[in-house]
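So the structure is just underneath, and the comments pick up after that.
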2 protein chains.
Amino acid sequence: MTVQRSLKRATISDVARLAGVSIATVSRVLNGTAPVAEETMSQVNQAIAALDYAPHAAARTLAGRRTDTIGLLLPEISGAFYSPLIHGIESSAREAGFDLLIHTTADRFRERGRIQLPLDEHNTDGLLVFTDRLSDAELARFSGRGFPLVLLYRTAPPTLDIPVVTLENKAGARSVVEHLIVEHGCRRIAFLAGPSGNEDSCWREAGYLEALRVHGIDDDPALHGPGEFDSEQARAVVAQWLGQGVSFDAIFAGDDDAAMGSIQALTQAGLRVPEDVAVVGFDDVLLAGLMVPRLTTVRAPIETAGRQAARLLISLIQGEEVERLVLLPTELVIRQSCGCDR
Amino acid sequence: MTVQRSLKRATISDVARLAGVSIATVSRVLNGTAPVAEETMSQVNQAIAALDYAPHAAARTLAGRRTDTIGLLLPEISGAFYSPLIHGIESSAREAGFDLLIHTTADRFRERGRIQLPLDEHNTDGLLVFTDRLSDAELARFSGRGFPLVLLYRTAPPTLDIPVVTLENKAGARSVVEHLIVEHGCRRIAFLAGPSGNEDSCWREAGYLEALRVHGIDDDPALHGPGEFDSEQARAVVAQWLGQGVSFDAIFAGDDDAAMGSIQALTQAGLRVPEDVAVVGFDDVLLAGLMVPRLTTVRAPIETAGRQAARLLISLIQGEEVERLVLLPTELVIRQSCGCDR
DNA sequence: GCGGTTTCTGAAAGCGGTTTCTGAAAGCCT
DNA sequence: AGGCTTTCAGAAACCGCTTTCAGAAACCGC
């Protein structure tokens with residue numbers, strides 16, 4: 001019976017031996033940390049090639065005290081939202097020579113009686129925190145140690161001084177709701193909120209309320225529903241409203257996923273979008289422009305947000321000063337589902 | 001000026017000192033690798049708690065020769081496809097106590113004159129390979145070393161014996177084509193292939209041909225077109241057919257994107273779907289259920305594929321025997337575009 | 001030629017764990 | 001009580017790399 005484990009790889013000592021130098025010299029050639037004679041260098045490089053040598057990441061980390069890896073903490077990966085986000089983060093990290101480690105907090109579990117940290121700082125040089133599952137206390141713990149942290153789509157407790165990358169949610173929401181009011185004469189506009197406590201959702205709601213107020217429309221609590229940023233949830237809520245005879249002429253869904261669910265519910269009930277009910281979303285995910293009707297929404301630069309956040313974190317890791325708050329602009333994208341036809 | 005770097009974390013020695021034991025004992029408590037007296041154990045645990053100690057992953061890796069991390073190699077992260085895939089992989093990995101490291105091969109870059117391996121085996125215990133950017137030679141290199149590898153949506157060169165997770169493309173394709181034949185009496189069914197050489201596409205075509213044969217329908221080469229799994233390509237091909245007067249009563253598009261393009265072309269030519277021409281796709285992306293008409297298609301269990309692949313890889317890492325081939329079942333999803341009305 | 005750089009290289013001390021080996025103390029048997 | 005096995009704990013040898021320290025050789029100006 002043959003052994004199945006990985007064959008032993010060449011180490012720095014093997015390279016040193018073959019090249020007839022010390023391991024320190026090999027290390028220098030590898031990292032360019034000190035001058036090495038031309039000839040020595042080429043011998044070492046030949047040995048490296050001959051042995052197909054690659055340095056052992058963990059040993060490097062241990063000796064060099066850096067992991068060249070950033071961590072990303074997510075609530076869970078679903079819907080059309082995370083794809084561009086991860087893409088932005090990954091490409092930005094890769095450009096800077098960092099790896100990306102992803103963790104979700106979906107159901108954090110306990111092991112051996114202790115809470116396992118979601119991402120231990122030992123594994124990463126810094127952490128990108130998206131989820132709101134990480135409590136302020138935990139944030140403080142990391143932050144207090146001087147561990148580099150950047151928050152995505154969520155602000156830090158004011159005492160903590162952690163950089164934040166987020167969107168102009170309120171302005172975006174207000175603009176799309178105003179579009180419904182001004183261009184399409186909507187007066188009864190429903191709102192599907194995100195998960196309770198979600199900051200994006202709060203600001204979008206604030207923008208929605210502001211638009212209503214500015215145009216003298218009273219807010220009707222009956223028109224607020226839990227969309228949960230989820231198409232299935234949204235579908236259920238809208239279906240229920242229709243069943244109960246709640247009347248509305250437009251829906252501002254908290255995000256595009258919820259907008260899709262809303263449209264499903266309306267269509268299933270025999271209503272036409274946008275003729276009977278206008279529907280608008282938020283995010284402008286890829287599908288938004290492909291569905292029928294094409295969705296009017298607010299473009300959130302998700303990939304850019306990811307890219308920026310990763311960059312910020314890496315700057316922080318490298319000891320540079322960074323802005324405390326990056327607010328990314330949103331943009332109204334008018335298509336068909338509001339009643340326009342572009 | 002204060003130093004910004006991370007504060008020093010407690011090490012196993014600190015714990016040992018505080019608990020009045022040796023580091024070996026602390027390690028045993030941590031890993032449960034050898035019996036430790038009740039009282040000693042509790043002292044150690046107290047010290048761990050008091051110091052807020054967490055073991056250093058890299059040190060552990062170096063000494064213990066495992067990383068507890070699996071790598072995922074992707075061509076690039078885009079579209080609605082990768083979200084469920086990553087989610088499946090991540091959750092499966094997490095359940096098994098593994099981390100997930102993601103790399104894309106988008107533009108692999110060179111550094112210091114050598115090609116950087118996309119994911120070095122030092123960083124991970126095994127690798128999930130999705131991309132076809134990794135050549136057979138590179139696969140052979142990893143595999144030859146006994147490094148655990150699992151392929152996703154792509155079969156291995158027969159000499160290599162690497163496990164594969166993929167879909168029952170053929171059965172799925174056959175079922176949807178048979179549906180067209182049996183339920184809707186279609187006889188002239190066009191097929192839009194994916195990119196040439198794409199394995200998914202080959203099998204779907206095989207299923208399509210089988211369905212035709214079983215029902216005594218001759219295959220007409222004029223009804224095969226290059227859909228490229230792309231809506232624009234598919235639109236062009238179908239438009240051309242219509243211009244040439246090619247006659248057909250149904251289109252089996254290689255995937256949902258191509259199906260959307262086909263529908264566009266038909267609609268623009270004044271034909272009705274499904275009354276004049278039925279259209280079916282493959283994948284069941286989110287949009288499929290939202291478009292008009294709602295698309296009849298074959299559901300591909302993307303998230304499940306990710307989950308299974310990760311499980312397979314982890315079994316492999318743990319030295320267990322695994323199947324060489326996991327074929328995930330697909331499921332016919334009947335909606336409207338075939339002529340049904342569900 | 002001679003002290004004083006500069007340039008290059010090697011020995012060795014960690015980094016923070018795991019694991020083997022060895023030994024002391026405790027438990028068991030006759 | 002004496003010899004035997006168990007049970008538990010510590011010393012020390014790694015794991016593969018980075019980095020400091022120190023030294024040898026080459027180079028410098030005069």
Side-chain angles (χ1 to χ4, degrees), chain A residues 5-45 47-48 51-69 97 112 117 120-125, chain B residues 5-45 47-48 51-69 112 120-125:
Chain A
R5 304 310 301 151
S6 294
L7 274 62
K8 202 120 174 140
R9 298 229 47 199
T11 73
I12 199 171
S13 310
D14 299 327
V15 175
R17 197 172 318 118
L18 182 60
V21 300
S22 73
I23 60 167
T25 299
V26 177
S27 176
R28 285 177 192 122
V29 171
L30 245 28
N31 301 296
T33 44
V36 173
E38 193 75 31
E39 197 192 355
T40 315
M41 179 154 0
S42 102
Q43 283 178 32
V44 170
N45 279 326
I48 288 174
L51 295 173
D52 193 20
Y53 166 78
H56 190 300
R60 228 172 189 175
T61 297
L62 188 55
R65 297 150 240 282
R66 25 179 266 291
T67 65
D68 288 340
T69 301
R112 305 176 48 67
L117 287 175
D120 183 18
E121 56 257 62
H122 284 312
N123 281 317
T124 54
D125 293 337
Chain B
R5 304 308 301 150
S6 294
L7 273 61
K8 203 117 175 142
R9 300 229 44 199
T11 72
I12 198 170
S13 310
D14 299 328
V15 175
R17 196 172 319 118
L18 182 59
V21 300
S22 73
I23 61 168
T25 299
V26 177
S27 177
R28 287 177 190 123
V29 171
L30 244 28
N31 302 295
T33 44
V36 173
E38 195 75 31
E39 196 192 354
T40 315
M41 179 152 2
S42 99
Q43 282 177 33
V44 171
N45 279 327
I48 288 175
L51 294 173
D52 192 20
Y53 166 78
H56 190 300
R60 229 171 186 174
T61 297
L62 188 55
R65 293 149 243 283
R66 23 178 269 290
T67 65
D68 287 342
T69 300
R112 303 178 48 71
D120 183 19
E121 55 259 62
H122 284 312
N123 280 317
T124 54
D125 293 338

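Proteins get letters first, then strands, A, B, ... in listed order; numbering begins at 1 in each.
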Practice item. Take atom NE2 of B/His56 and atom P of C/dG14, then tell me their distance rounded to the nearest Å. Key: 17 Å

Study note, to complete from the structure: Contacts of B/Ser42 meeting side-chain hydrogen bond (donor to acceptor under 3.5 Å, both in side chains) (sequence neighbours excluded), chain-then-number -> none

Review point. For C/dG16, does either OP1 or OP2 sit under 4.0 Å from a side-chain N or O belonging to B/Arg60?
Key: no

Study note, to complete from the structure: By side-chain contact (heavy atoms from CB on, under 4.5 Å), A/Thr11 pairs with (sequence neighbours left out) A/Ser13, A/Asp14

Check your understanding: When you measure from the side chain of A/Thr67 to the backbone N and O of A/Asp125, does any donor-acceptor pair fall under 3.5 Å?
Key -> yes

Review point. For B/Arg9 and C/dG16, what is the distance between atoms CZ and C1' respectively, to the nearest whole Å?
Key: 12 Å

Practice item. With side chain to side chain contact (heavy atoms under 4.5 Å, CB included) as the test, would you mind laying out the steps for B/Thr25 and B/Gln43 before giving the verdict? Key: CA-CA 11 Å; B/Thr25 299; B/Gln43 282 177 33; over 6 Å; no

Practice item. May I have the distance from A/Ile12 (atom CD1) to C/dT9 (atom C1'), rounded to whole angstrom? Key: 14 Å

Practice item. Please tell me if the side chains of A/Arg9 and A/Asp52 come closer than 4.5 Å, counting only heavy atoms from C-beta onward. Key: yes

Point to revise | Gap between atoms CZ and P, on A/Arg17 and D/dG16 respectively (whole Å) | key: 11 Å

Check your understanding: Taking all atoms of both residues into account, what is the closest heavy-atom pair of A/Ala19 and A/Val44, and its distance?
Key -> CB-CA, 3.9 Å

Check your understanding: Between D/dT19, C/dT18, D/dG16, which one does the side chain of A/Ser27 approach most closely?
Key -> D/dT19

Study note, to complete from the structure: B/Leu51 atom CG is separated from C/dG16 atom P, nearest whole Å, by 14 Å

Check your understanding: Can you name the closest pair of heavy atoms from B/Leu30 and B/Pro55 and give their distance?
Key -> CD2-CG, 4.4 Å

Check your understanding: End-to-end bend of the helix from C/dG1-D/dC30 to C/dT30-D/dA1 (five-pair axes, 10° rounding)?
Key -> 30°

Can you pull every protein N or O that's under 3.5 Å from an N or O on nucleotides 8-10 of chain D?
{"residue": "D/dA9", "atom": "OP1", "partner": "B/Thr40", "partner atom": "OG1", "Å": "2.2"}
{"residue": "D/dA9", "atom": "OP2", "partner": "B/Ala37", "partner atom": "N", "Å": "3.0"}
{"residue": "D/dG10", "atom": "OP2", "partner": "B/Ser22", "partner atom": "N", "Å": "2.8"}
{"residue": "D/dG10", "atom": "OP2", "partner": "B/Ser22", "partner atom": "OG", "Å": "3.2"}
{"residue": "D/dG10", "atom": "OP2", "partner": "B/Thr25", "partner atom": "OG1", "Å": "2.8"}
{"residue": "D/dG10", "atom": "N7", "partner": "B/Arg28", "partner atom": "NH1", "Å": "3.3"}
{"residue": "D/dG10", "atom": "O6", "partner": "B/Arg28", "partner atom": "NH2", "Å": "2.5"}

Point to revise | Rounded distance in Å - CG (B/Asp68) to P (C/dG17) | key: 15 Å

Practice item. Using whole Å, report how far CD of A/Glu39 lies from P of D/dA25. Key: 16 Å

Point to revise | Whole-Å gap separating C1' (C/dG16) and CG (B/Leu62) | key: 9 Å

Review point. Does B/Ala24 have any side-chain contact (heavy atoms from CB on, under 4.5 Å) partners at least two apart in sequence or in another chain, and if so, which?
Key: B/Ser22, B/Arg28

Exercise for review: Could you tell me which residues satisfy side-chain contact (heavy atoms from CB on, under 4.5 Å) with B/Ala63, sequence neighbours excluded, listed by chain and number?
Suggested key: none

